[in-house]
Structures are given as C-alpha cells and as structure tokens.
Amino acid sequence: MKDFHSILREERTRQGFTQVQMAEKLKIARQTYLDIESGKKSPKLSMITAIAEILDKEVHFFISERPRLKSYSTLELLAELEKRDLSKIPRSVNDLFN
C-alpha cells in the first residue's frame, strides 16, 4: 500500500511538474513542499484538496490508500467536501445564466 507522499511524487513527476512549481502553485515554501512529498510532514486536508486540484485528480486518488486517513475527523472531511461541492451548485436560477 502506497503512502500519500509516494502517490504525490509519482503523479507530480508523471505530469511533468517540478517540486518548485508545485510549491509555487500551492503558495508554500519549497522546503515545506519537500517535507510533504518526502513524508516528513503530513498535509492538512485543505492542502490535499489543493494538490488534487492542481494535478486534476480527485482527493480519493491520493488518500484512498492512505492508512493514516483516520487522523482526519469525520466532521473535518464532511465540512471540506460540503464546502467544495456546494461551491459548484448554482444558488439560484439566475446563477445558471450568469
């Protein structure tokens, strides 16, 4: 079973991004990104979702095999998913046409 950092490194290199480019896109220090990709630092759920967006993957691509997913509370996971899903739903009929 692969860890988050291994999956991240493989997908980043597969898509041709450098570590520096990823750090810049995430608006974090290069060393912080290196620590995440090397497994020295566990990213917050918000960071995982940002990484998923940059690499055009679903969050579960990175965490479905991650055994430490239990470190995130159910409420934290639900809140993040709700925030992301609700932002894609039009609030009214007018929003559909704007």
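Scope of the values below: all heavy atoms of this structure, side chains included, with no hydrogens, waters or symmetry mates.
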Quiz item: Can you find a heavy atom in the side chain of E11 that is under 4.5 Å from one in the side chain of F61?
Solution: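 SC-SC contact between E11 and F61 confirmed.
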
Quiz prompt | Least distance between heavy atoms, A52 atom then E58 atom | solution = CB-C, 4.2 Å

Quiz item: Closest heavy-atom contact between I48 and P43?
Solution: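 I48 and P43 have their closest heavy atoms at CG1-CG, 3.8 Å.
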
Quiz item: What residues form a side chain to side chain contact (heavy atoms under 4.5 Å, CB included) with K40, not counting sequence neighbours?
Solution: D35, S38

Quiz item: Does L34 have any side chain to side chain contact (heavy atoms under 4.5 Å, CB included) partners at least two apart in sequence or in another chain, and if so, which?
Solution: Q19, R30, Q31

If I take atom [atom1] from residue [X] and atom [atom2] from residue [Y], how far apart are they, to the nearest 0.5 angstrom?
{"X": "L26", "Y": "I51", "atom1": "CG", "atom2": "CD1", "result": "5.5 Å"}
{"X": "K41", "Y": "M47", "atom1": "NZ", "atom2": "CE", "result": "9.0 Å"}
{"X": "I36", "Y": "M22", "atom1": "CD1", "atom2": "CE", "result": "9.0 Å"}

Quiz prompt | K25 atom NZ, neighbour heavy-atom count above 12 within 6.0 Å | solution = no

Quiz item: Backbone N or O of I28 within a donor-acceptor pair of the T32 side chain at under 3.5 Å?
Solution: no

Quiz prompt | Check: L55 main-chain N/O paired with Q15 side-chain donor or acceptor under 3.5 Å | solution = yes

Exercise. Please list, chain by chain and in numerical order, all residues satisfying salt bridge (charged side-chain N to carboxylate O under 4.0 Å, His left out) with E24, sequence neighbours excluded.
Key: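 Per chain and number, E24 pairs via salt bridge (charged side-chain N to carboxylate O under 4.0 Å, His left out) with no residue.
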
Self-check item: R12: salt bridge (charged side-chain N to carboxylate O under 4.0 Å, His left out) partners, not counting sequence neighbours
Solution: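 Checked R12 against salt bridge (charged side-chain N to carboxylate O under 4.0 Å, His left out); matches are E37.
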
Self-check item: Under the side-chain hydrogen bond (donor to acceptor under 3.5 Å, both in side chains) test, residues paired with T18 that sit two or more places apart
Solution: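 Result, side-chain hydrogen bond (donor to acceptor under 3.5 Å, both in side chains) vs T18: Q21.
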
